[in-house]
Amino acid sequence: MEDCIFCKIVAGTIPSVKIYENDKVFAFADINPILEGHSLIIPKIHAENLWEIPDDYLKEIHPASKTIARAMLKTLNCSGIACLQLNGRSVNQVVMHYHFHLIPRKEADPELSMTKWDLIPGDMNKIKQIAEAIAGAI
Ligand code: 5GP
Ligand code: ZN
């Protein structure tokens with residue numbers, strides 16, 4: 001897609017710091033790292049989000065994340081890696097080309113707010129009703 005910054009990264013018309021690629025995916029360093037080593041994996045075709053990315057590209061994302069995660073564990077001395085993937089403006093997706101974040105964290109690094117939330121029990125009737133509605137739409 002002409003105006004997409006990540007399509008331009010795949011095409012090599014704007015620079016990136018490459019970490020990994022295969023015929024379906026490309027991985028590179030995020031230029032605004034939340035923590036050291038923050039990386040992104042993207043499909044090599046333009047697809048905006050989880051419900052638009054073709055399955056043959058989607059199924060390459062998680063194995064690539066495993067390959068990169070193992071390399072992060074070997075090189076960065078991190079003790080955990082957060083995987084994050086945002087879909088849509090209302091959850092703050094900024095670049096509208098599917099991307100999967102890998103955010104390695106060392107023990108001494110600041111807490112990642114998106115990985116820590118309070119567990120507040122929900123209303124089981126409501127939980128069941130919503131889950132059944134989703135299941136029914138599959
Ligand atoms: P989102 O909120 O859409 O999940 O995150 C988009 C991510 O893309 C951000 O973490 C941002 O730093 C990163 N990003 C945006 N533009 C560029 C760019 O031109 N190059 C690289 N390497 N990362 C980018
Ligand atoms: Zn794109």
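Computation of the quantities below employed the complete heavy-atom set of this structure, encompassing side-chain atoms and omitting hydrogens, waters and symmetry-equivalent molecules. Order of appearance sets the numbers: ligands from 1, and atoms from 1 within every ligand. Numbering of residues begins at 1 and proceeds along the displayed sequence.
For H46, the N, O or S atom with the smallest separation from the Zn ion (ligand 2) is ND1. Sorting the N, O or S atoms of H97 by how far they are from the Zn ion (ligand 2) puts ND1 first.
The protein heavy-atom contact nearest to atom 15 (C) of ligand 1 is V95 CG2, 3.8 Å. The protein atom (non-hydrogen) at minimum distance from atom 11 (C) of ligand 1 is D30 OD1, 3.4 Å. Looking at atom 6 (C) of ligand 1, its nearest protein heavy atom turns out to be H99 NE2, 3.4 Å. Counting protein heavy atoms only, atom 24 (C) of ligand 1 is closest to I31 CG1, 3.6 Å.
Looking at A29 against ligand 1, only its backbone comes within 4.0 Å, counting heavy atoms. At a 4.0 Å heavy-atom cut-off, ligand 1 touches H101 through the side chain alone. Residue L40 touches ligand 1 through its side chain alone, judged by heavy-atom distances below 4.0 Å. Of the heavy atoms in I5, only side-chain atoms (C-beta onward) come closer than 4.0 Å to ligand 1. Contacts of L86 with ligand 1, taken as heavy-atom pairs under 4.0 Å, involve the side chain alone. Looking at F100 against ligand 1, nothing comes within 4.0 Å, counting heavy atoms.
Below 4.0 Å from some heavy atom of N92 lie the following atoms of ligand 1, by number and element: 2 (O). Under a 4.0 Å criterion applied to the non-hydrogen atoms of F6, ligand 1 contributes the atoms 8 (O), 17 (C), 24 (C). With ligand atoms numbered from 1 in the order given, ligand 1 contributes 21 (C), 22 (N) to contacts under 4.0 Å with heavy atoms of F28. For ligand 1 and Q93, the ligand atoms under 4.0 Å from any heavy atom of the residue are 3 (O). Atoms of ligand 1 found under 4.0 Å from any heavy atom of V94 (numbered from 1 in listed order, with element): 1 (P), 2 (O), 3 (O).
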*Give the intermediate values and the outcome of side chain to side chain contact (heavy atoms under 4.5 Å, CB included) for residues R105 and S79.*
CA-CA 6 Å; R105 180 175 177 268; S79 45; 5.5 Å; no
_Is there a side chain to side chain contact (heavy atoms under 4.5 Å, CB included) between H101 and Q85? Walk through the geometry before answering._
CA-CA 6 Å; H101 296 258; Q85 199 269 306; 5.8 Å; no
*Step by step, would you call H99 with H97 a ring pair (Phe, Tyr, Trp, His ring centres under 6.0 Å)?*
CA-CA 6 Å; H99 51 280; H97 178 129; 8.0 Å; no
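Note on E21 versus K44: salt bridge recorded, some NZ/NE/NH1/NH2 to OD/OE distance being below 4.0 Å.
The shell of residues lying under 4.0 angstrom from ligand 1, judged by heavy atoms, includes I9.
When side chains are defined from C-beta on, V25 does not count as touching Y57, because their heavy atoms never get closer than 4.5 Å. Residues P43 and L58 have side chains not in contact (no heavy-atom distance under 4.5 Å, counting atoms from C-beta outward).
The main-chain N or O of L40 is never found under 3.5 Å from a side-chain atom of D30 such that the two would form a donor-acceptor pair. Counting only distance, with no hydrogens or angles, the side chain of D118 and the backbone of I120 share no donor-acceptor pair below 3.5 Å.
The neighbour count for E107 CD, taken as heavy atoms of other residues, nucleotides or ligands under 6.0 Å away, does not exceed 12. Summarising the local packing, CG of D55 is surrounded by 12 or fewer heavy atoms from other residues, nucleotides or ligands at distances under 6.0 Å. For CD of E36, the number of neighbouring non-hydrogen atoms (other residues, nucleotides, ligands) closer than 6.0 Å is 12 at most.
The Zn ion (ligand 2) lies at the vertex of an angle of 120° between the SG atom of C4 and the SG atom of C7 (rounded to 10°).
Checked against a 6.0 Å centroid threshold, the rings of F100 and H62 count as neighbours.
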